[in-house]
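Working notes for the structure below.
Sequence lines set the chain letters: A, B, ... in the order given, protein chains first and strands last, and positions in each chain run from 1.
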Amino acid sequence: MKKLCTLFLALILPVSASADTALVDRVISNHVIPRFQTLARTTAQLAETAAQTCDLDNGQVISDYHAAFDAWVGVSHLRFGPTEVDDRAFALAFWPDPRSKTPKALYKMISEEDPVIQLPANYSQASIAVRGFYAMEYLLFDAPTRELGHGEYQCALFQAMTQDTAAISQDILDDWQPDYAALMLSAGQNERYQTEKEAVQEFFKAALTGFQFTKDTRIARPLGTFDKPRPNRAEARRSGRSLRNVVLATEASLDLARRLGRGDETIQSRFDRLEHVFTTAVAKLESPVFADVMDPQSRVKVEVVQQSVDRLLEYTLGGLGPYLGVAEGFNALDGD
Amino acid sequence: MTSRRGFLAGLAAAGFAPRTTWASAGAPACLAAARTDTGGYVLCGLSGAGEVLFDIPLPDRGHAAAAHPHRADAVAFARRPGRFAVVVNCVNGAVRARLDAPEGRHFYGHGSFDLDGRYLFTTENDYEAGQGVIGVWDCAEDYRRVGEFASGGVGPHEIKTLPSGALVVANGGIETHPEAGRAKLNIPLMEPNLCYLSTQGQPLETLRLDPALHKNSIRHLDVSGDGLVAVGMQWQGETGQVVPLVFTHRPGEQAVFPDIAPEVYRRMLGYVGSIAINNAGDRLAATSPRGGVVLGTATKPRAGEPALEPYPDVCGVTFGPWGRMVTTGAGQVIGGLAQQPQHYPRLQWDNHLVRI
């Protein structure tokens with residue numbers, strides 16, 4: 001009966017136009033800005049620490065790296081506007097990299113002692129494959145890369161990477177506030193967002209694509225096939241972050257999806273249940289880098305995690321989408 | 001006494017099967033794949049009035065089909081990164097052959113026959129090399145794979161055969177890898193092109209657009225009666241940036257952009273899902289399922305105002321002697337000889353409408 005009432009209310013009280021803008025405002029203030037602030041702060045901290053030591057095993061360097069990477073994964077679903085200017089998001093996170101462009105380019109760079117690192121400002125001219133968190137991971141955690149070239153070069157390279165990453169993160173934040181936030185809040189009065197609904201839809205798509213990337217790429221890559229599991233293809237396995245990234249990315253998309261569905265009890269309780277299914281499934285995994293995929297019995301547990309993300313994706317599409325009035329069509333969603 | 005059925009079976013066994021031409025399949029005007037309301041997938045033949053003449057079950061979601069020039073054979077491709085395609089006999093619905101992508105390759109969902117119908121050419125991904133490949137299949141040998149050659153770029157999507165017999169390929173420029181799902185791996189570095197190739201794989205000509213448009217994926221194609229190529233693009237750069245999405249090209253000449261105002265392109269949301277050009281080569285139509293609009297325009301600049309028509313989730317489009325026809329994900333078939341749109345509530349039409 002309660003469900004019926006909710007449905008009835010939804011029919012007679014469609015979310016009004018100004019409610020859309022109020023919703024966008026809350027999402028920007030409580031989800032987008034705090035997360036990009038964290039990214040700017042943690043990447044600046046990492047650059048500062050890196051500037052003070054050339055010891056790449058230093059505990060502070062490692063913990064700052066993890067904090068900054070956590071912050072990136074927490075915004076990795078917000079791939080529109082400021083993150084897409086000058087390929088910033090790609091420069092922070094060049095992954096997946098199935099043809100190993102990052103290690104190949106790093107090998108060349110370090111062996112030839114490429115002078116691009118001499119001025120930090122120059123590093124933005126370097127190949128996208130040697131920038132950002134995944135390139136840094138090779139310098140911090142990959143033994144063969146660590147053995148290349150001279151220690152001083154590696155140190156200077158790491159400093160250049162951290163400064164580049166901090167600069168990009170600050171640029172994204174600076175673009176978000178006030179300009180891009182103002183653009184989304186004036187949806188309906190600008191070219192980019194011609195109706196207020198389009199700004200809501202932008203966030204809806206961000207939540208969807210976040211779940212989708214986690215399911216189809218972060219989890220599906222190491223799963224491979226039953227006959228050919230691919231644990232070596234897990235994201236950030238060298239730093240032991242594969243599962244952590246899945247959890248953080250899913251929580252980030254879910255936080256956004258919940259905020260979009262705020263005010264509707266059915267949606268909230270459904271997300272609560274689906275989150276419980278997800279965290280229960282994650283708790284059963286033993287390996288932080290999806291080594292479970294090798295063993296047929298524990299492999300099933302990884303598949304269950306993948307299914308739980310798929311259920312979040314499906315509910316966002318089929319439950320949240322219609323509530324927001326932004327459902328995507330059969331062909332429109334396909335992208336081919 | 002010999003029954004008719006037994007007589008025909010005997011003929012078939014002896015290799016005397018009557019040729020199954022498109023006429024014996026009810027002379028469909030075009031083909032389209034669809035999802036049914038029960039979750040299955042079918043390939044349909046449509047008349048020029050938009051009537052469904054036949055529907056044949058498919059094993060999975062189809063993307064596009066390729067129609068044999070004479071025989072009632074349709075090749076239905078799975079959507080990318082599909083590893084198989086099926087050749088169906090449109091007279092009786094039987095699967096004539098199954099095409100399996102070789103090790104290290106997957107299909108992109110499009111293919112084209114040569115002029116006399118001997119060979120089928122398919123766009124494929126050599127994903128370990130990150131390079132596009134055209135697979136060659138011999139129809140005279142039950143669609144056996146007989147070779148492959150470079151597509152001239154990365155991420156080849158649609159392929160068509162020109163009246164001259166040459167092939168034209170839309171190398172979209174986007175690198176993908178099946179283990180990375182549908183993730184796009186090289187957006188900052190992508191370099192799409194339009195490549196003309198002989199059927200032996202010799203590159204004849206390659207067209208690249210202005211470097212400022214390097215993130216404009218050249219993706220869909222159609223060819224007029226005298227070989228003018230219409231191209232539809234998908235913008236991979238910053239959302240909201242308005243760029244041209246269609247042009248025409250003739251080998252040896254420059255690309256020609258029809259006069260389309262930025263506000264028209266803006267409503268297409270940087271995305272052309274399918275493109276068609278008429279036989280005379282003076283009109284083209286491009287659909288945007290994201291914008292829910294069909295763009296109709298003269299191919300030449302300054303030849304009349306372009307028109308945008310709204311149809312929710314529109315995607316398939318083609319021209320024929322019966323005019324222009326479009327299909328939508330909501331089950332509509334609009335245009336052709338029919339006065340009124342045909343509505344098939346049980347069918348969601350998939351991306352492409354393929355003229356026979």
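- Atom OH of A:Tyr107 is surrounded by 12 or fewer heavy atoms from other residues, nucleotides or ligands within 6.0 Å.
- Annotation: cation-pi pair A:Arg192/A:Tyr180 absent, no NZ/CZ under 6.0 Å from the ring centroid and within 45° of its normal.
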Intermediate values then yes/no, side-chain hydrogen bond (donor to acceptor under 3.5 Å, both in side chains), B:Ser151 and B:Asn171: CA-CA 7 Å; B:Ser151 77; B:Asn171 285 303; 2.6 Å; yes
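- Between A:Asp97 and A:Lys104 there is no salt bridge, since no side-chain nitrogen of the basic residue lies less than 4.0 Å from a carboxylate oxygen of the acidic one.
- Of the two parts of A:Lys101, only the side chain, counted from C-beta on, holds a non-hydrogen atom closer than 4.5 Å to a non-hydrogen atom of chain B.
- The parts of A:Gln194 that come within reach of chain B are both its backbone and its side chain, each placing non-hydrogen atoms under 4.5 angstrom from that chain.
- Neither the backbone nor the side chain of A:Glu235 comes within less than 4.5 Å of any heavy atom in chain B.
- Cation-pi geometry between A:Arg241 and A:Phe69 is met: the NZ or CZ atom falls under 6.0 Å from the ring centre, inside 45° of the normal.
- With a 4.5 Å cut-off on non-hydrogen atoms, B:Leu269 does not touch chain A at all.
- Ranked by heavy-atom pairs under 4.5 Å with chain A, the first of B:Gly130, B:Gly109, B:Gly237 is B:Gly130.
- For chain B, the nearby part of A:Arg99 is the side chain; its heavy atoms alone come within less than 4.5 Å.
- For the set B:Ala129, B:Ser288, B:Ser217, the entry with the most heavy-atom pairs within less than 4.5 Å of chain A is B:Ala129.
- Ring geometry, A:Trp95 versus A:Tyr134: the interplanar angle falls under 30°, so the pair is classed parallel (tilted spans 30 to 60°).
- Ranking A:Arg218, A:Arg233, A:Glu84 against chain B, the residue ahead of the rest is A:Arg233, based on heavy-atom pairs under 4.5 Å.
- Only the side chain of A:Phe94 comes within contact range of chain B, with heavy atoms under 4.5 Å apart.
- For B:Glu175, the part lying under 4.5 angstrom from a heavy atom of chain A is the side chain only.
- Heavy-atom contacts from other residues, nucleotides or ligands closer than 6.0 Å to CD of B:Glu191 number 12 or fewer.
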